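Please read these numbers as outputs of a predicted model, since none were measured by experiment. Numbers restart at 1 for each chain; the letters A, B, ... are given by sequence-line order, proteins then strands.
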Amino acid sequence: MSPVRVRFAPSPTGFFHIGSARTALFNWLYARHTGGVFVLRIEDTDQARNSEEFLNLIYDSLRWLGMNWDEGPEIGGAFGPYRQSERAPVYREYLEKLKATGRTYEKDGAVYFKLLGERSEVFDEHRKKTVTKVAAAPSVIDDMIRGRVERVEDEDFVIVRSDGNPVFHFVNVVDDIAMQITHVIRGEDHLSNTSKHVELFKAFGAPVPSYAHIPLILKQNGPGKMSKRDQGALIEEYQKRGFLPEALVNFLCLLGWNPGGDREKMPIAEIIQLFDLPGVNQSNARFDEKKLAHMNMAYLLELPADRFVAAARDFFVKHSAAHPTRAALAASEDYFRAVMLLSQPKIKGVEELPAYTGYFFTEEFPIDPKVKEKVMAKGDPKTRLTELIVAVPTMDFSTDATIEEGIKKLANEKSLGFGDYQAVARLAVSGTNAGPSITSIFRLLGGKRTVHRLERFLAGL
RNA sequence: GUCCCCAUCGUCUAGCCUGGUUAGGACACUACCCUUUCACGGUAAGAACCGGGGUUCGAAUCCCCGUGGGGACGCCA
C-alpha cells in the first residue's frame, strides 16, 4: 500500500473562505490520520485574476488555523515547483505525451481533448448553440463518500487555451499524476468535473486516484451554497474578530463530519485520530454562526490565563484606534491582566472585551439608560449611594472578601441586604448591569476611584 | 433544459450499512434552579424520520416513483 498523498489546491483569485478552509482541513486531517503527506499546490493559471495579496492570505489563513503543509510553496519538496504558474515545462511535456496518443486536436487555436465514441451535431436548448455530442462510455467514479457514481462525459473539452495557457482540468490532472496524489478530497461542486478528470487519467495511462467529494456548506440564510460575499464567509474576518483558531477548526470539522455518538468538543489530536473519509456526511450543511460562537466560548473558558491575556492584548492592539481600547493599552500590565482575567469566564468572544471592560480604563464610560431606569425605580437608590460614599473609605479593600464584609456590614446596620447596594453601585461605577462581581470591580478600581464615581453619579441625578 | 449528488427537530447531527430505539445529543428558543448583577452551570419543556407505493410479522433503516434542496453544464478554478 503506497503512502497517502493528498493535496489542497486553491487558486489565489479571492478571499479565503470557510468552504476552502474546510476542504483544506479535511485533506490535512486525512494526511495526519494516515501518516501521509499534505501537499499545498497553488492553482494560479488564471493570470487575469490572480493576486499576490490573495496568495499571502491563503498562507496566513492556513497557518493561523494550524494546518502545516509537508510540501508546497515556501518549503519546497521533491515534486516542485508547487505553483502552477511555474510549471509550464511540465504541462508542455504532458501535452506532448497526450498528443502522441492521438487524443487531442486543435480548433480555433485551442487544443481539445478528444473523447472516444461516435459524434453527432445537436442543438443545445440551454446554451442556444449547436454542439458536437460524443456517444462515449460512462466514466465510473468510485467515491469514498458517495460510492459508485456514473456520468457520461459527452463533449470534447478545451485543455489548452488559444493563448497557450493550459486550463484547470488539464493542469489539475497532470499535477495529480506528477505529484503522485493518491486521494483527491474536494468539494462536491467538482463531482461533475470528475468524469473529465477520469478520462484524462485514463488517456495518460495513469492510475485514477481515490476520490472523496465532501458536502458543500450552505449559507445560513437563503438559498444556495456559501460564497465569499456571504455574511461570515471569510476566514480573515474570524481572525480579526479574535476567534480562537482551535474553536473554528473544531466547528469546521463538525460541519459534515462527526465521530459518531455525541462527541463535539475535541482536541485536534483526538480529531486526527478519529477522522476518516467514510465518516464524512453526504448531505450539505448549513453554516450556523451561533453554534460557532458557542464553541468559541467553550474554548475561551478553558484557555490558560497567559494565553487568554495574550489573545486579549492582541485584539486590543489590532483595534487600538478606539478610545477605551487605547486607554486599556496605556494601563499597567498587571491591571490589564487582572481586568481581562476577571472577564474571561463571562464573555463569549474576545471581541466583546473592549466594550465589556471599557469602564475599567476610562472615566468616560456610557450609562445604559434602560438599566438606569430600571435600577432607579427600585427602593431608594439615592440613599444607598449616599451611605456607600460614607462607608467605602472605611472598608478594607485588600480582597474581594473584605469588601464583601464591608458592604454586608453596612447593609446589616440599615437592616438591608447586599443586593440593595449591588445594583446601584454597579450602575454608578460601570454604567451597566452586566459584569464581574461588584466586589471585584471595587477592588480593581480602588477606593478613591470608586468613591469618585459614586459621587459623580449621585451628583448627576 | 440536460446530467450528477442529497433528504431525521428551526440548525448541526446520532441511529441507517447489519430492519424491532420511549428516535439520542448539541446550538437556538422557553421555564425553573443556582446566584450579588450579567454570564457560566444544572433541571425540565417544546421541537424531526419530505410524500406515496412496495418488500417484510415488523421500515427512519432495504427497493421504486414523486416532491423538495444542492451542484455542474466557460478558451474560470
Side-chain angles (χ1 to χ4, degrees), chain A residues 9-14 43-46 48-50 84 107-112 122 124-128 131 141 143 145-147 149-155 157-169 171-172 186-196 213 215-216 218 220 223-225 251 254-265 278 281-295 297-298 301 343 345-348 352 356 371 375 404 407-408 411 417-427 430 432-441:
Chain A
S11 62
T13 55
E43 306 219 328
D44 53 353
T45 54
D46 184 356
R49 289 165 60 211
N50 290 326
Q84 290 184 330
K107 195 175 105 185
D108 304 328
V111 181
Y112 281 72
V122 173
D124 186 315
E125 293 287 345
H126 186 241
R127 285 180 287 174
K128 307 271 184 255
V131 293
I141 301 145
D143 195 282
I145 294 169
R146 277 150 221 290
V149 178
E150 249 185 49
R151 186 172 184 277
V152 180
E153 192 60 44
D154 63 357
E155 275 179 52
F157 53 93
V158 173
I159 53 176
V160 181
R161 298 183 188 99
S162 48
D163 67 2
N165 284 308
V167 307
F168 162 73
H169 302 299
V171 295
N172 191 267
R186 47 157 48 154
E188 202 223 69
D189 48 345
H190 282 291
L191 190 52
S192 309
N193 290 327
T194 307
S195 45
K196 286 188 177 69
H213 286 93
L216 267 22
L218 270 25
Q220 36 190 352
K225 64 170 175 171
F251 170 79
L254 260 18
L255 228 46
W257 171 85
N258 75 81
D262 297 340
R263 300 286 326 266
E264 291 204 337
K265 184 166 176 293
N281 293 129
Q282 305 182 342
S283 52
N284 296 341
R286 204 168 284 277
F287 181 79
D288 183 0
E289 233 177 358
K290 287 205 171 131
K291 188 142 188 173
L292 168 59
H294 182 265
M295 185 68 80
M297 181 199 69
L301 277 173
S343 310
K346 302 281 192 171
I347 55 160
K348 251 182 148 65
E352 294 172 14
Y356 194 81
V371 174
V375 171
E404 187 175 335
I407 297 175
K408 278 188 175 161
F418 189 102
D420 293 300
Y421 293 91
Q422 192 274 138
V424 70
R426 176 183 298 279
L427 179 65
S430 74
T432 180
N433 64 340
S437 72
I438 188 65
T439 52
S440 302
I441 298 176

On a whole-Å scale, what distance lies between the [atom1] atoms belonging to [N] and [M]?
N: B/rG25; M: B/rU43; atom1: P; answer: 11 Å
N: B/rA31; M: B/rA45; atom1: C1'; answer: 7 Å
N: B/rC63; M: B/rC5; atom1: P; answer: 14 Å
N: B/rU37; M: B/rG69; atom1: P; answer: 49 Å
N: B/rG24; M: B/rC65; atom1: P; answer: 32 Å
N: B/rC6; M: B/rU61; atom1: P; answer: 16 Å
N: B/rC9; M: B/rC3; atom1: P; answer: 29 Å
N: B/rG53; M: B/rA14; atom1: C1'; answer: 29 Å

So which nucleotide does [N] pair with, by the Watson-Crick or G-U wobble rule with both distances under 3.5 Å?
N: B/rC27; result: B/rG10
N: B/rC16; result: none
N: B/rA72; result: B/rU2
N: B/rC49; result: none

Once you round it to whole Å, what is the distance between [atom2] of [N] and [atom1] of [X]?
X: A/F287; N: B/rC27; atom1: CZ; atom2: C1'; answer: 13 Å
X: A/L216; N: B/rC4; atom1: CG; atom2: P; answer: 18 Å
X: A/Y421; N: B/rU36; atom1: OH; atom2: C1'; answer: 14 Å
X: A/L218; N: B/rU13; atom1: CG; atom2: P; answer: 10 Å
X: A/D124; N: B/rU2; atom1: CG; atom2: P; answer: 11 Å
X: A/R146; N: B/rC4; atom1: CZ; atom2: P; answer: 14 Å
X: A/D288; N: B/rU11; atom1: CG; atom2: P; answer: 10 Å
X: A/R49; N: B/rC75; atom1: CZ; atom2: P; answer: 14 Å

Closest listed nucleotide, where the reference is the side chain of [X] and the choices are [options]:
X: A/L301; options: B/rC40, B/rU37, B/rG70; result: B/rC40
X: A/N193; options: B/rA77, B/rC75, B/rC3; result: B/rA77
X: A/H294; options: B/rA72, B/rG24, B/rA26; result: B/rA26
X: A/D262; options: B/rG25, B/rC3, B/rA77; result: B/rG25
X: A/S162; options: B/rA26, B/rC75, B/rG70; result: B/rC75
X: A/K291; options: B/rC76, B/rG70, B/rG25; result: B/rG25
X: A/S192; options: B/rA77, B/rA72, B/rC27; result: B/rA72
X: A/V149; options: B/rA77, B/rC5, B/rG25; result: B/rC5
X: A/M297; options: B/rA7, B/rC40, B/rC38; result: B/rC40
X: A/Q422; options: B/rU37, B/rG25, B/rA28; result: B/rU37

Has the side chain of [X] got a donor or acceptor that lies under 3.5 Å from a partner of the other kind on the base of [N]?
X: A/K346; N: B/rU37; value: yes
X: A/R426; N: B/rU37; value: yes
X: A/K290; N: B/rC27; value: no

Subject >> Heavy-atom closest contact (A/E188 atom, A/L216 atom, distance) >> reply: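 Smallest interatomic distance, heavy atoms only, reads N-CD1, 3.4 Å.
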Subject >> Closest heavy-atom pair and its distance - A/S195, A/R151 >> reply: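 Looks like OG-NH1, 2.8 Å.
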Check this one for me: any side-chain N or O of [X] less than 4.0 Å away from OP1 or OP2 of [N]?
X: A/K348; N: B/rA28; answer: yes
X: A/N258; N: B/rA14; answer: yes
X: A/N284; N: B/rC5; answer: no
X: A/K128; N: B/rC73; answer: no
X: A/T45; N: B/rC76; answer: no
X: A/R286; N: B/rC27; answer: no
X: A/N281; N: B/rA14; answer: yes
X: A/R127; N: B/rG74; answer: yes
X: A/Q282; N: B/rC5; answer: no

Subject >> Check ion pair A/E264-A/K291 (N to O, under 4.0 angstrom) >> reply: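 Yes, this pair counts.
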Subject >> Ionic contact status for A/R127 with A/D124, cut-off 4.0 Å >> reply: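 Result for this pair is yes, salt bridge flagged.
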Subject >> Parallel, tilted or perpendicular: rings of A/H190 and A/F168 (30°, 60°) >> reply: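 Rings of A/F168 and A/H190: tilted, 30 to 60°.
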**OP:** Establish, yes or no, whether the cationic atom of A/K196 lies under 6.0 Å from the six-membered ring centre of A/F157 and within 45° of the ring axis.
**Re:**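 So A/K196 does make the cation-pi contact.
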**OP:** Classify the nucleic acid contact of A/G224 as base, sugar-phosphate or nothing, counting any heavy atom under 4.0 Å across all strands shown.
**Re:**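 The residue A/G224 makes sugar-phosphate contact but no base contact.
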**OP:** Check whether the side chains of A/R186 and A/T194 place a donor and an acceptor atom closer than 3.5 Å, and report yes or no.
**Re:**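 There is such a pair between these side chains.
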Original post:
Looking at OG1 of A/T432 and CZ of A/R426, how far apart are the two atoms once the value is rounded to the nearest 0.5 Å?
Top reply: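 Result: 8.0 Å between the selected atoms.
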